[in-house]
Protein chains: 2
Amino acid sequence: MNATAAGPPHGPDDACRTREVLDIVGDKWSLLVVRHLSQGPHRFTELKRGIDGISQRMLTVTLRALERDGILTRTVRAVMPPHVSYALTPMGRTLRTAVLPLLEWSTTHLAHIDAARADYDARPDTPGNGL
Amino acid sequence: MNATAAGPPHGPDDACRTREVLDIVGDKWSLLVVRHLSQGPHRFTELKRGIDGISQRMLTVTLRALERDGILTRTVRAVMPPHVSYALTPMGRTLRTAVLPLLEWSTTHLAHIDAARADYDARPDTPGNGL
DNA sequence: CTGTATCCCGATCGATACTG
DNA sequence: CAGTATCGATCGGGATACAG
C-alpha cells in the first residue's frame, strides 16, 4: 500500500447502491423532510410551514415516497377537520444518523468550497473561461 | 429526554447547507466520480470506461464542477496525444469519508427498503392505489 | 485522447384550481 | 386540514457530430 492509492477498495455494485441512495435522498426535499421529522412527529401543515419554499404538491410527493420506502409513517386520525401525522420510523432515524457526517462535512467545508469557486472563476486559463 | 422527540436540534440555516451539499453531490454522477478517484488518480478515458453508462458530455461537466468546487484537480500534460489526469484533493478525500456512512447505510438497509416498497404497493388502502 | 457544440426528450417541479 | 389534478416552464442529461 502506497500514498497515491488511498481509500478502501470497492466492488462493482457499489455503484448501483450509490445510485439507489441518491434516488432516495438525492432529490430536492427528502432530506429536509427527514431532518424536520428528526425532532418528532409533525402534521402536514406544520411541515409545509417549516420547510421553506416547498409546495403542497412536492410535500405530498416527497412524503409518499418516503412512506413507501419505510422511512416514515403516515397516521390518519379520522376526525373533522382531518388530522394526519408523520413520524420517522426506526429506519428513518438510522438514515438521519447516516447523513449527519455529510451535513457536518458541509458545515466545515462550505466556506472552503466558496473560496475554491471564486478562485476557479477568477482564473483565466481554465476551460470555459476563454483560453 | 423521552422517546417521541429524538435527534439533535438544528438551526434554521441547516436547511441551506442541506441544499448546498445536494447541489454538489446530489446529482447523478458526482459521487460515482469521487468514489472512482478515491482509489487514486485516473485519466479521462479510464473514468469513462470505469463509470458505467456515463456519457462523454456528462463526465466532462461533472469533472468541471468538481474541479471548480475544489474536490478534485485536473492536471494536463502537454504531450501528443493529450494526457489529462484527475485526482482528489485533500478536501475531496474528506468528502469521500463523509459520504461513507451513507453508503454503508444503503448496504445495510436497501433490502429492507425493497421489502417496504413491495409491502406498500401491495396494500390496497393507500393513496394512489385506489381507496 | 480529451474535449466542445448542438439538438432534443423526458423528468422535475412550481403555480393554480379543485375536493372530501 | 390535507390532499388531488392539471398545466407549463425549466433542466438534466443522452446522442451525435465536430475539433484541437
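Every chain is numbered from 1 and lettered A, B, ... according to where its sequence line falls, protein lines coming before strand lines.
- Note on A:Leu59 and A:Val76: same hydrophobic cluster, where clusters join Ile, Leu, Val, Met, Phe, Trp and Tyr whose side-chain heavy atoms are under 4.5 Å apart, directly or indirectly.
- Between A:Arg64 and D:dG3 there is a side-chain N or O to OP1 or OP2 distance below 4.0 Å.
- Considering all non-hydrogen atoms of both residues, B:His109 and A:Met91 come closest at CD2-CG, 3.6 Å.
- Residue A:Arg74 places at least one side-chain N or O under 4.0 Å from the OP1 or OP2 atom of D:dG3.
- Rounded to an integer number of Å, the gap from CG of A:Leu59 to P of C:dG14 is 11 Å.
- Between B:Arg43 and C:dC1 there is no side-chain polar atom (N or O) within less than 4.0 angstrom of OP1 or OP2.
- Along DNA chain C, the nucleotide nearest B:Ser85 and the nucleotide nearest A:Met80 are compared for position; the residue whose nucleotide lies closer to the 5' end is B:Ser85.
- The phosphate of D:dA2 (OP1 or OP2) has no side-chain N or O of A:Thr60 nearer than 4.0 angstrom.
- Of the N and O atoms on the side chains of A:Ser85 and A:Arg77, not one donor lies less than 3.5 Å from an acceptor on the other residue.
- With sequence neighbours left out, B:Arg19 forms a salt bridge (Lys or Arg N to Asp or Glu O under 4.0 Å) with no residue at all.
- In this view, B:Arg49 satisfies the salt bridge (Lys or Arg N to Asp or Glu O under 4.0 Å) rule with no residue, not counting sequence neighbours.
- For the residue pair A:Phe44 and A:Leu63, the shortest heavy atom distance occurs at CD1-CD1, 3.9 Å.
- Between the P atom of C:dG14 and the CG atom of A:Asp52 lies a distance of 12 Å, rounded to the nearest Å.
- In terms of the salt bridge (Lys or Arg N to Asp or Glu O under 4.0 Å) criterion, residue partners of B:Arg117 (sequence neighbours excluded) are, by chain and number, A:Asp69.
- Distances shorter than 4.0 Å separate some side-chain N or O of A:Tyr86 from OP1 or OP2 on D:dG3.
- Atom pair A:Leu63:CG and D:dT4:C1' shows a separation of 14 Å (rounding to whole Å applied).
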Listing time: all N or O pairs from protein to nucleotides 12-16 of chain D that are below 3.5 Å?
from: D:dG13; atom 1: N7; to: B:Arg57; atom 2: NH2; distance (Å): 2.9
from: D:dG14; atom 1: OP1; to: B:Lys28; atom 2: NZ; distance (Å): 2.6
from: D:dG14; atom 1: O6; to: B:Arg57; atom 2: NE; distance (Å): 3.4

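- If you measure from atom CG of A:Leu22 to atom P of C:dA11, you get 18 Å, rounded to the nearest angstrom.
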Enumerate donor-acceptor pairs with a distance under 3.5 Å from any side-chain N or O in residues 23-33 of chain A to protein atoms, sequence neighbours excluded.
from: A:Asp27; atom 1: OD1; to: A:Ser30; atom 2: OG; distance (Å): 2.5
from: A:Asp27; atom 1: OD2; to: A:Trp29; atom 2: N; distance (Å): 3.0
from: A:Asp27; atom 1: OD2; to: A:Ser30; atom 2: N; distance (Å): 3.2
from: A:Asp27; atom 1: OD2; to: A:Ser30; atom 2: OG; distance (Å): 3.2
from: A:Ser30; atom 1: OG; to: A:Ile24; atom 2: O; distance (Å): 3.3

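- One can place CD of A:Glu46 at 13 Å from P of D:dG3, the figure rounded to the nearest angstrom.
- Taking both residues in full, the closest heavy atoms of B:Ala98 and A:Pro101 are given as O-CB, 3.6 Å, listed atom of the first, atom of the second, then distance.
- Taking five base pairs at each end of the helix from C:dC1-D:dG20 to C:dG20-D:dC1, the local helix axes there meet at an angle of 40°, rounded to 10°.
- Whole-Å rounding puts the A:His83 NE2 to C:dG20 C1' distance at 18 Å.
- The side chain of A:Pro81 lies closest to D:dC1, out of D:dG3, C:dT2, D:dC1.
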